[in-house]
Novice: 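So that we are looking at the same thing, I have put the structure below in C-alpha cells.
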Amino acid sequence: MKNRKLFLLLFVFFPLFVHAQKFQLASPDKNLVVEISVGDNITYLLKHKQDTVLYPSPISLILEDNVLGHRPVVKKQKTNTVNTEIRAPFYKRSRITDHYNELILAFKGDFEIRFRAYNEGMAYRFVTTGKKDFRVLDEEASFNLGYDSEAFIPYVRSEGSTYEEQFCNGFENIYSKQQVTGWDKKKLAFSPVVINRENGKKIAIAESDLFSYPGMFLCNPDGSVTLKGIFAGYPDKEQQNKYNPVQMLVTERRDYIARCKGNTTFPWRIVIVAENDKELADNDMVYKLATPSRITDIGWIKPGKVAWEWWNNSNLCGVDFKTGVNNQTYKYYIDFASENNIEYVILDDGWTVPRTNDLFNVVPEIDLKELVAYADSRNVGLILWGGYIGFNKDIEGVCRHYSELGIKGFKIDFMERDDQPMVDFHTQVAETAARCKLLIDFHGSYKPTGLQRTYPNVLNFEAVHGLEQLKFPTDADQVEYDVTFPFIRQIAGPVDYTQGAMRNASKENFRPVYGEPMSQGTRCRQLATYIVFESPLNMLCDSPSNYEREKECTAFIAGIPTVWDNTIALDGKIGEYIAIARQKGDCWYVGAMTDWNARTVELDLSFLGAGNYVAEIFRDGVNADKAASDYKKETIPLRADKKIQATMASGGGYAMRIIPVK
C-alpha cells in the first residue's frame, strides 16, 4: 500500500513542465470530436456539434513502479478508418454497422492508448506491449462534466458504509435522479450511468470487453463535477457467506487491483452521446467494442423461452400430487412448455442437497436421467440452477457431466462481485460451457460487458431489479424503474428480468406475497416487457396453472421471439415512457409502457413501408386503472399513414404484432 500511495502522490504533485501535444479525432459524420492532450499527463475531452459534453479528463494506469500517463512521450501515432458489418445472431439486430475512426498513440514505456470515434460516442483503452508481467495498483478513469448536471445514478444496493463493503453486491439497482454534486459521497454506482447535458443531450458512461480485470464502479467522493472510476482490489482472503452458503465473501483485499501479463489489452471506457432519450434505448456500442466470437460452431446455440418454477413457488392447481422439487412437478412444467412451444424448463434452487455445494449430489426426489428423457420426448430442453461455490469447485467436471447427461445449460447464481478473479470465473465458465455445448445465464452477476458477443452461448445476465424482487417487501417503484432501465442498464446488454406475471395490481392494490406473487402495473404491461426488454433467454415466471387460465395472453407471449433481425426505438423519455419496435422475419412487434401516469403515445410505423398490414393489439382495458388484469384484444388493419394511437392506463402497457397482408 505504501508504494501505491507514493506513486499517486508523485503523480498528483510533480511540477508541470511539459508542453502539451494536441491530437484530434472526429467521428465519421464529423459531429463528434475527441481532443487529446499529451503533456505532463494525458487528458481527453469530447465535443458534439456546438456542445462540449465532456471536459478535459485525465487518464492513467498506476503500476507498482511506474505510472502510464505521467509525463508520457509519444513515439508514433496511427489512424484507421473502419466501415464494416458485424453479424449478430443472438442480439436485437442481426447486422450491425461498425463505422468508426481510430487514433492509436504509442508511447515510450511499452504502452498504447487507442481512441475510437463513432457517430454515437467515443471509447478509449490502454494496451501494454512489454514482456514483463506487472500489477496494476489503480486506474485513473475520470469523467469531467465541467458543470453540474442531473444524473440517473444506479447506486449500489448494499448496507455497507464503505466502498470496500459495497464491492460485493447484487447489481440489482434502482435509480436516483439527482445533481452530480449531490452524489452520495459514501456510495458507489455501477455503469452505465446517464447524465443530462446542454441542449437536451445526454451522455452514458459504460465499459466493454472486460477480461481478467475488475469492473468499473463510479464515485464522486468530493462532491465535484468529475466522476471517478473505482475498482475492487484483488481478493486476499475469502469466506463462505453464513447467510447464503452458495456465495463467497471477500474479507481482505490486496493493495493492487489486477495482475497482468506484459501484453495486456484493457477494457474500453465508453462515453455515448445521445441527442434524445430514445437513442439511448437503441445503442450498440458495448456490443460493437467487444471481442468477436471465439466459438466457430454456433449452430447448437438455441435462444428461447423458459418455464420457471421458483417465482411462482411451484404452485399448480387441479393436480393429484404434491407440488415441489420432484419429477411429477417438473413433468407438468415440461408438458406445459411443450404444449406452448416453449423451448426450456429450468430446475431452480433445490434439485441438489441443500447447503452441500455439491452439484453432483442430487436430491432423491429428482431423477434427472428420467426427466431429460421425458423432456427430449416432448422437444423441451432442461436448464439447471447452480450456486457459485458449487460450480466453481469443478467447472470442467460439472459442465462435462451434465452435458453428457443431456442438460442444455446452466443458470449460475450469487457471484455478486466483479473483481479480477470473479471476472476470470465468468470467462472460464463461458469457455468451458461452450466446449461442452451448454447455454449460460449469469444470474446474481455483474452487468454485461460484451462477453455475450465473445461467447454467444452466454445468452443472459441479471444485474437488474427484476420481477423476483416483488415477492419481498420493497420500497422500489417497479413501474417507474421499468421505464428507466431500458435507457440505461440495457445499453450494457440483455437482462434476466424474469417477467410474465398473470396476477397484476394497480398502485393501490399491490402488495408483496411470496407464495403467490403479483406484478405492479397492468397485464398489457407484462406483455409489452417481452418486446421492450432484451432477453435471448427469457423466463415465463408465473405458474402453468395461471397461464392455462389466460390462454390468449400465454399464446401471445409464447410467440414473441427472443432475438431479432432489427430494432427501432420509436419514442420515450427516461422514467416516463418507452416504445420499441422489433422485427423478426416479415413480422414486427411493438411494445410500449408508461409510468403511473396514464398517457397516449402516437406511434409512427412508417418504417413498415408500402403495403397493407394487420395489427393484433393487446391494450389496457377501460378499467385497468382499478383492475390491472383488465385488457382488450383486437385485430385491426393499419391506416395508410401507418400511425396509431397507443393509449395506456396508469402503470400500463401496449403490445402489438404486425403482420403483412399478402
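Keep in mind the model is a prediction, meaning the values are calculated, not measured.
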Novice: Applying ring-ring contact (aromatic ring centres under 6.0 Å, His included), can you list everything that pairs with Phe171, at least two apart in sequence or on another chain?
Specialist: Phe190, Phe217
Novice: For His465, which residues count as a ring-ring contact (aromatic ring centres under 6.0 Å, His included) partner, sequence neighbours excluded?
Specialist: Tyr481
Novice: Less than 3.5 Å apart, any donor N or O on the side chain of Arg93 or Thr567 sitting next to an acceptor on the other?
Specialist: no
Novice: Do any pairs count as a salt bridge (charged side-chain N to carboxylate O under 4.0 Å, His left out) and have a residue in residues 201-215, sequence neighbours left out, and if so which ones?
Specialist: Asp51-Lys201, Arg125-Asp209, Lys202-Asp277, Glu207-Arg269, Glu207-Lys447
Novice: Among residues at least two apart in sequence or on other chains, which ones pass ring-ring contact (aromatic ring centres under 6.0 Å, His included) with Trp268?
Specialist: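 ring-ring contact (aromatic ring centres under 6.0 Å, His included) check on Trp268 returns nothing, list empty.
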Novice: How about Ser158 and Asn169: does a side-chain donor come under 3.5 Å of a side-chain acceptor?
Specialist: no
Novice: Does Ser212 have any side-chain contact (heavy atoms from CB on, under 4.5 Å) partners at least two apart in sequence or in another chain, and if so, which?
Specialist: Gln420, Asp424
Novice: Can you tell me if Ser149 and Asn196 form a side-chain donor-acceptor pair at under 3.5 Å?
Specialist: no
Novice: Applying ring-ring contact (aromatic ring centres under 6.0 Å, His included), can you list everything that pairs with Phe211, at least two apart in sequence or on another chain?
Specialist: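 Phe211 satisfies ring-ring contact (aromatic ring centres under 6.0 Å, His included) with no other residue.
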Novice: Using salt bridge (Lys or Arg N to Asp or Glu O under 4.0 Å) as the criterion, list what pairs up with Asp236, not counting sequence neighbours.
Specialist: Arg254
Novice: Partners of Lys49 by side-chain hydrogen bond (donor to acceptor under 3.5 Å, both in side chains), sequence neighbours excluded?
Specialist: Glu275
Novice: Could you work out, with salt bridge (Lys or Arg N to Asp or Glu O under 4.0 Å) as the rule, every residue matching Glu396, not counting sequence neighbours?
Specialist: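 Expected list: Arg400, Arg435.
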Novice: My understanding is that only residues two or more places apart in sequence, or in another chain, count here; which of them pass side-chain hydrogen bond (donor to acceptor under 3.5 Å, both in side chains) with Glu198?
Specialist: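 Once residues adjacent in sequence are excluded, Glu198 has no partner under the side-chain hydrogen bond (donor to acceptor under 3.5 Å, both in side chains) criterion.
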Novice: With sequence neighbours excluded, tell me which residues meet side-chain hydrogen bond (donor to acceptor under 3.5 Å, both in side chains) with Gln452.
Specialist: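 By the side-chain hydrogen bond (donor to acceptor under 3.5 Å, both in side chains) rule, Gln452 matches no residue at all.
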Novice: Return the set of residues passing side-chain hydrogen bond (donor to acceptor under 3.5 Å, both in side chains) with Glu462 (not counting sequence neighbours), or none when no residue passes.
Specialist: His443
